[in-house]
Amino acid sequence: VIPPPNVTGSLHIGHALNNTLQDILTRYHRMKGKAALWLPGMDHAGIATQMVVERQLAAAGNISRRDMGRDAFVAKVWDWKAESGGAINGQLRRLGASCDWSRERFTLDEGLSTAVRKVFVQLHKEGLIYRDKRLVNWDPQFQTAISNLEVEQKEVDGHFWHFAYPLEDGSGEIVVATTRPETMLADTAVAVHPSDARYTAVIGRAVRLPIVNRPIPIIADEYPDPEKGSGAVKITPAHDFNDFAVGKRHNLPVINIFDDFARINDNAPPEYRGLDRFEARKKVVEAFEALGLLREVEKTRHTVPHGDRSGVVVEPYLTDQWYVAADVLAKPAIAAIENGDTVFVPKNWETTYFEWMRNIEPWCISRQLWWGHRIPAWYGPDGRAFVEETEAEAQGKADEHYGRSTPLRQDEDVLDTWFSSGLWPFSTLGWPEKTSDLARFYPTHTLITGFDIIFFWVARMMMQGIHFTGQVPFKRIFINALVRDATGAKMSKSKGNVMDPLELVDDYGADALRFTLAAMSGQARDIKLSRQRIEGYRNFGTKLWNATRFCQMNGCARAEDFAPASVSAPLNRWIVGETTRTAQAVTAALADCGFGESTEQLYRFIWNQFCDWYVELAKPLLTGDDAAAKAETQATAAWVLDVILRLLHPAMPFITEELWAQTQDLGAPREHGGFLMTARWPELPASLIDPAADAQVGLVIEAISEG
RNA sequence: GGGCGGCUAGCUCAGCUGGUUAGAGCACCUCGUUUACACCGAGGGGGUCGGGGGUUCGAAUCCCUCGCCGCCCACCA
């Protein structure tokens, strides 16, 4: 499977790396005679795409999506998709990606949407999808819930404000500290540790919440750490995940003081209403100061959650959302790795995978967006949800339930983008229909992807794939390095540190870029690409080109009846053996995703053995009077070049195809299992290696090297 | 607070399960325009393989420890 790139995306160096490796593997397997499907496609990328189009509308005339209305807006996004979406596919072609473009899919197309609805409905029937009212990570810029994974913890400078809350009976005060003063407007308790001697006397009594002027209880709970600060904690169930849990344990009221934009709502005192959360923060602090209740202001550095797309501070916010019971789906997905049904390459990524899967939280899958798969839930007048694959089915169920025809209203929300991408390995093959593609190409042989989406994507595919198909979605997961900029930061458009692979293709050719990426795809965490390196491999291509030209000039042509085993000249026997050794090493490397190893073997052999020694030593034979030796050398050189081109083809498809066209007639590309295959992979037996010839030529080389 | 990765020539990196004088590309120096290639050829300089211990006949490679750099995960007021 190709990880479907975002429809909004353009090819960056990470895609180039990832797709190059996939292409190498695909071509390699096709050459080995396998029917290798590489299915391309795109992800609708909910938030990202909606953001792009919304920005465009804003720039075009300050129109908001709400002004347009849902249908018009979604139509606009489809227009945008048709026009500018998927630029990346053309770019992939320029890179030489040999995808089967006839099978291209889009996560929002009809078939995939059917699969999404089916999965949703089935999980719901199994009780693994449910609706729940709890705190979510709320992005006030997009006014939508986001999942934990979409939250980025950033360290920022902030303050601890120490506030004094007077006891209700006037007998003293309790000091609490907070980094978010505005939330005190929604406090419903102060908590202390039950064994904290300083507070045992006040447990069960009340403080009067300043500003709001509301009495709230002092409760005993294990949550406060007596070692920290004053040991007393303000409890704001509506705006903090921990406090929410405390509130639940003590049946505290939950007072929400924010609206969808994180402005203060009418649950707060009138002078705060309508204020932005940060303005409110300032005002609360000023009020405490004026009241003489501000005990201390401490500078601090702490982590604050931000939306990964919007970049704004996200708020814990109490809403109704749909959740997947990920812990249940995770169990077989963990087992599949444990028992080796699926393996990670490199293996140590298992640790990361396990760590997350074993501590997995419910997955919030609903988004308050318009671009995406609308949730297949319809509500009756009493709020009862009917979850069915079609509106008609839901209507039928509803009518049955209410005993009469009842109008329903579909859920406004759409699903998290990753919900549909998680189905990609099988939904793209026609599932739930039992298609022949599904039978032939599922599960995927090797998934190649970056570690940045192990949780977002790989884990979800494992969970959903196993649950719905009964088998793992892929046998092997190769985690490639992430391309970063010079400072080690992830390349992103917003940071302006992207490197354009197309520019590199223009400057050095796709082959050189591909070969470089493959050579650098080792198991290290990140890749810092250098132009010099690409230049070096561009020269390598030229070297091969020239060597081929030299052979052609000397009448080296492929002889149909050439038998490498029967050459007699030691030089020829030697190069046949070296070629064989290289073929075996490259084959072994590729079988193991050893892209770097395979390119290195090829580079060394072609440049340092074939060009530097064989061609030089063969010159006298090619120009000499011994006709038999000349003919044998011509045929041998042609044979070696042929093998070289085959071995090199997956990494450098363009130059090899061009040279093939010049040097020999391979015949038209053959169809094999429905896929075009230009040439077979060379399988050379070890018997072609002649130690005696190796030794003999080795001595010659040594002698010349030493002058 | 957990987990993971990196630290090898000026730069970007290979060096897998430990074994001859530690490699490549680029950069640098010297020479070379003899019929594949100056996007080249021949030769050369340059590294106490992050520090310190240990295992071993032998370690860049295994173990321990420390130090930086970076990433991921995590609800600490």
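Order of the sequence lines sets the chain letters (A, B, ...), proteins ahead of strands, with each chain counted from 1.
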Determine the contact category for [X]: base if any of its heavy atoms lies under 4.0 Å from a base atom, sugar-phosphate if only primed atoms, P, OP1 or OP2 are that close, otherwise nothing.
| X | result |
| --- | --- |
| Phe540(A) | nothing |
| Pro316(A) | nothing |
| Glu600(A) | sugar-phosphate |
| Trp607(A) | sugar-phosphate |
| Arg538(A) | base |
| Arg604(A) | sugar-phosphate |
| Tyr537(A) | nothing |
| Ala177(A) | sugar-phosphate |
| Cys551(A) | nothing |
| Lys234(A) | nothing |
| Glu616(A) | base |
| Asp243(A) | nothing |

Checking contacts here: which listed nucleotide ([options]) is nearest the side-chain heavy atoms of [X]?
| X | options | value |
| --- | --- | --- |
| Phe550(A) | rA74(B), rC39(B), rA36(B) | rA36(B) |
| Met553(A) | rG41(B), rA77(B), rA36(B) | rA36(B) |
| Thr179(A) | rC37(B), rC13(B), rA77(B) | rA77(B) |
| Asn539(A) | rC4(B), rC73(B), rC39(B) | rC39(B) |
| Pro224(A) | rA77(B), rA42(B), rG5(B) | rA77(B) |
| Asn148(A) | rA77(B), rA36(B), rA74(B) | rA74(B) |
| Lys543(A) | rA77(B), rA36(B), rG25(B) | rA36(B) |
| Lys619(A) | rA36(B), rG41(B), rG5(B) | rA36(B) |
| Thr178(A) | rA77(B), rC73(B), rA14(B) | rA77(B) |

What's the gap between [N] and [M] when it is taken at their [atom1] atoms, as a whole Å value?
| N | M | atom1 | answer |
| --- | --- | --- | --- |
| rC28(B) | rC39(B) | P | 14 Å |
| rA22(B) | rC26(B) | P | 22 Å |
| rC62(B) | rG15(B) | P | 12 Å |
| rU8(B) | rG52(B) | P | 15 Å |
| rG50(B) | rU35(B) | P | 46 Å |
| rG2(B) | rA74(B) | P | 16 Å |
| rA24(B) | rA14(B) | P | 16 Å |
| rU30(B) | rC66(B) | P | 49 Å |

Opposite nucleotide pairing with rG25(B), Watson-Crick or G-U, both atom distances under 3.5 Å: rC11(B)
Looking just at side-chain N and O atoms, do [X] and [Y] make a donor-acceptor pair shorter than 3.5 Å?
| X | Y | result |
| --- | --- | --- |
| Glu298(A) | Thr300(A) | no |
| Glu632(A) | Asn572(A) | yes |
| Thr20(A) | Arg514(A) | no |

Atom-pair distance (CG on Asn608(A); P on rG43(B)), nearest Å: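 Taking CG of Asn608(A) and P of rG43(B), I get 11 Å after rounding.
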Aromatic ring proximity Phe344(A)/Trp349(A), centre distance under 6.0 Å: no
Within 45° cone of Phe550(A) ring axis and under 6.0 Å: Lys619(A) NZ or CZ: yes
Comparing Gln532(A) and Asn546(A) on RNA chain B - which has the more 5′ nearest nucleotide: Gln532(A)
Along RNA chain B (nearest heavy atom to each residue), the more 5'-positioned of Val615(A) and Phe456(A):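 The residue whose closest nucleotide sits nearer the 5' end is Val615(A).
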Mutual orientation of the aromatic rings belonging to Phe605(A) and Phe610(A) [parallel < 30°, tilted 30-60°, perpendicular > 60°]: tilted
ring-ring contact (aromatic ring centres under 6.0 Å, His included) partner of Phe515(A), chosen from Phe540(A), Phe595(A), Phe654(A): Phe540(A)
